[in-house]
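Remarks on the structure that follows.
First listed ligand is number 1; within each ligand, the first listed atom is number 1.
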Amino acid sequence: MTPLPPGAMLGILGGGQLGRMSAMAAARLGYRCHSYAPGADEPGMQVAAARTVAAYEDHDALARFAAQVDVVTFEFENVPAETVEILARRVPCRPGEKALSICQDRLQEKAFLEGIGVPVAPWRAVRTEAELQAAVAELGLPSVLKTTRLGYDGRGQAVLRHPDDLAAAWSRLAPRPLILEGFVPFTLEVSAIAARGADGALAVFDATENAHRHHILDISYAPARVAPEVAAAARDHVAAVARGLDLVGLVALEMFLLPDGRLIGNEIAPRPHNSGHWTMDACTASQFEQHIRAVVGLPLGAPDRHHDAVMRNLIGPEGMAAWPGLQGQKGIAPHLYGKAEARPGRKMGHANRLLPLGALAGLDDAAALGPLAAIAVQKT
Ligand code: AMP
């Protein structure tokens, strides 16, 4: 495909921080962005050359938007399928509908991962309370009950530890379609991110090790402090995902690491991912730049790391309290998303700490964090 020329207009659906950082990467490559989102003054809107504030179901607004952009991409995967269909009739949409529909539904996602040979937790579809009983009888306890759609950051799920937990979990999550997953006794959470161009070229970043607090990503360490064969398997898995989805764009795969070194695929996000924010400062081409490069048809950048990195999110008022202290420090790159109100649990920004190549492997968490240890996290 011929790359879009400098000055071309990219449409970005979704106005959050991922759209903001994508638009900033696009601007660096000489492109303009049109941000489409239901709310005004969202982080992505603030840095866009053009804006549409409208619902995803507003057909007229979608038609006007499509007429004004050369290509459309997404900063989140839960865009209604009909929105994508309307846009795709008028303008190229990347990643394609296949990537979006598979990643919107945990059942499709699990079946897809199994199909391409990425191991997953044992799972059962659950539509009725009787099916829940039967699934628990088969998979045992503990297990995890999740909504198949629109779950993120631990929302829409319940860990079942005792037979008494079933009724409460069912009444909280039903009548939405659900999935029961066997509980994975993981030692570490790992993710990997791949970009895939329209010509099928792949660029895969180093695997990342992730620590969550209250179901929200707190810290990413890159590269993951795992055995080389585990890191290689993580990268192979995400490359298989990118190929299998026929993706043009960027995809992140979240995985669990078992004590025996096996990786279990958990969730796919066909877009830039929080666990890839370290690439903004530790790679020549960040995940956002790779996303834009793929979408406009430019060759991908090399995914090499020039530093080791630790990323910590600034979440809610506690995270924002650390902001002044992060300024002007050697090796610390702070980022803010332009959100007016620091509500509890809200991702306000992040900070990357750069370390010399190879340094991270020998450090414990406290030494790896350094000044990032001063970032407080929400207590409950
Ligand atoms: P998810 O929404 O699927 O990303 O899950 C959110 C978090 O819940 C994960 O980061 C894990 O910490 C935990 N979790 C999800 N699924 C499982 C599972 N099958 N076994 C154990 N922990 C899980």
| Minimum non-hydrogen distance to atom 19 (N) of ligand 1, winning option of E267, E181, K146, H215 | E181
| Got more than 12 heavy atoms from elsewhere within 6.0 Å of CZ, R90? | yes
| Ionic contact status for E181 with K146, cut-off 4.0 Å | yes
| field | Pair R225 + D308: basic N to acidic O under 4.0 Å | value | no
| remark: When R94, R271, H291 are each screened for side chain to side chain donor-acceptor pair (under 3.5 Å) with T73, the one that passes is H291
| request: Can you spot which of H273, K110, R106 makes a side chain to side chain donor-acceptor pair (under 3.5 Å) with E267? | output: R106
With backbone taken as N, CA, C and O and side chain as the heavy atoms from C-beta onward, which portion of [X] lies under 4.0 Å from ligand 1: side chain, backbone, both, or neither?
X: V184; answer: both
X: R106; answer: side chain
X: N266; answer: side chain

| note | Correct closest heavy-atom pair for L100 and P270 would be CD2-CG, 4.3 Å
Identify, by atom number and element, the atoms of ligand 1 in contact range of [X], meaning under 4.0 Å from any of its heavy atoms.
X: E254; result: 4 (O)
X: V144; result: 17 (C), 18 (C), 19 (N), 20 (N)
X: F186; result: 12 (O), 21 (C), 22 (N)

| query | Short N/O distance, under 3.5 Å, between H212 and ligand 1? | reply | no
| task | May I ask you to check if ligand 1 and G182 share an N or O to N or O distance below 3.5 Å? | result | yes
| query | Is there a donor-acceptor contact under 3.5 Å from the side chain of N313 to the main chain of L217? | reply | yes
